[in-house]
Protein chains: 2
Amino acid sequence: MYTVKEASSITGLTEHAIRFYTDKGLVPTIKRNEHNVRLFDEMSINWLHGVRCLKQSGMPIESIKRYIDLCLQGEATLFERSEIMRQHGEFARAQLEEAKRHVRHLEEKVKLYEEISAGRQPDTMNPGNWEEMQVMHGDVFYKATSPTT
Amino acid sequence: MYTVKEASSITGLTEHAIRFYTDKGLVPTIKRNEHNVRLFDEMSINWLHGVRCLKQSGMPIESIKRYIDLCLQGEATLFERSEIMRQHGEFARAQLEEAKRHVRHLEEKVKLYEEISAGRQPDTMNPGNWEEMQVMHGDVFYKATSPTT
DNA sequence: CGCTTGCCTTCGTGTTACACGAAGGTCTTA
DNA sequence: TAAGACCTTCGTGTAACACGAAGGCAAGCG
């Protein structure tokens with residue numbers, strides 16, 4: 001049985017965050033002792049890991065709560081639970097693609113700065129060059145993929 | 001010369017966001033007409049794309065502001081600007097690795113749910129099975145990589 | 001001439017997921 | 001007896017806007 005402090009050092013979550021999660025019902029197996037002190041068993045630590053994991057991958061607290069509540073309802077919610085994970089997986093894949101774009105973009109940007117430093121390219125971000133250039137590093141920036149109009 | 005509405009439809013940013021950015025000084029080339037109306041030329045549209053781009057990759061507004069201010073100071077800030085992009089590139093790569101982990105994790109989770117549905121694995125998230133199992137899907141969740149103690 | 005439309009401003013609230021500190025309580029241990 | 005660890009509630013702050021309201025100005029239309 002672990003206290004908040006111990007759970008914090010095990011999971012890497014802050015004590016604040018852990019209290020926050022328990023109060024929101026994200027650790028269904030948590031117990032309290034006779035002095036109202038939070039006590040975490042292995043199962044509760046696992047829930048904390050799970051919450052941390054889902055949250056880091058971009059799932060909002062409310063959805064995590066929803067998922068956990070479904071878990072507590074048992075077998076009947078099996079399909080819905082797997083659907084949540086499937087959909088969230090798609091979301092994560094989209095995020096991954098985004099991340100790749102960003103990395104590529106920044107590599108181009110760094111390369112461009114190397115060219116500029118070497119004098120092989122003009123520094124189009126420098127206002128002193130704007131009049132002649134007319135275009136800044138815009139070519140390196142993404143345009144909106146699908147204008148939200 | 002584009003108005004806020006037009007800039008919004010071009011960049012995919014909301015009008016709110018665009019006013020927010022211009023007020024923060026993130027669009028240094030913006031002009032106003034005699035009636036105080038914001039007017040965006042091609043250069044300003046490019047700045048908007050740039051801001052959108054950096055922000056999406058996780059750079060906080062304040063850092064973007066810093067970068068833009070450096071740009072405005074011209075050649076003398078070349079090194080510092082390239083350093084910012086290099087460091088942010090590293091950040092983006094770290095994010096990319098994270099994203100890969102999340103995708104892998106969720107794929108495992110989905111697979112596990114398929115196994116459960118097929119009856120080949122027990123549903124360890126179901127409280128009805130907790131007494132026998134003692135462990136939930138914890139094995140599928142990440143543990144803290146480096147406990148923040 | 002008034003009306004609508006579109007832009008502007010400031011103000012104020014809500015959001016998410018906490019961080020942080022203060023005040024005040026309880027229990028255990030040195 | 002006092003320090004230390006846990007608890008509670010309260011209140012503020014953060015980032016990056018979203019959203020709406022109130023109030024103002026200018027252009028175009030019938």
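Here is the naming used below: chain letters follow the sequence lines, and residue numbers restart at 1 for every chain.
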- Message: Going 5' to 3' along DNA chain D, which are the first and last nucleotides with any atom under 4.0 Å from a heavy atom of chain A?
- Response: D:dC6 to D:dT8

- Query: Can a salt bridge be assigned to the pair A:Lys65 and A:Asp69 using a cut-off of 4.0 Å between side-chain N and carboxylate O?
  - Reply: yes

- Is it true that the side chains of B:Glu83 and A:Tyr113 contain a donor and an acceptor less than 3.5 Å apart? no

- Message: Please tell me whether B:Thr22 and B:Arg38 have a donor and an acceptor in their side chains that are separated by less than 3.5 angstrom.
- Response: yes

- Message: Applying a 4.0 Å non-hydrogen cut-off, can you work out what A:His16 is touching in the nucleic acid: base, sugar-phosphate, or nothing?
- Response: base

What's touching nucleotides 13-17 of chain C from the protein side, N or O pairs under 3.5 Å?
{"from": "C:dA17", "atom 1": "OP1", "to": "A:Ile61", "atom 2": "N", "distance (Å)": "3.0"}

- Task: Can you run down the ring-ring contact (aromatic ring centres under 6.0 Å, His included) pairs that involve residues 9-30 of chain B, sequence neighbours left out, and say none if there aren't any?
- Result: none

- Message: Nearest heavy atom decides the nucleotide; on that basis, is A:Lys5 or B:Glu34 closer to the 5' end of DNA chain D?
- Response: A:Lys5

Would you say [X]'s side chain and [Y]'s backbone share a donor-acceptor pair under 3.5 angstrom?
X        : Y        : result
B:Asn129 : B:Asp123 : yes
A:Thr77  : A:Glu80  : no
A:Arg66  : A:Ile84  : no

- Message: Under 4.0 Å from OP1 or OP2 of C:dA19: is there any side-chain N or O of A:Thr14 that close?
- Response: yes

- Query: Could you give the CD-to-C1' distance, from B:Glu6 to C:dG6, as a whole number of Å?
  - Reply: 12 Å

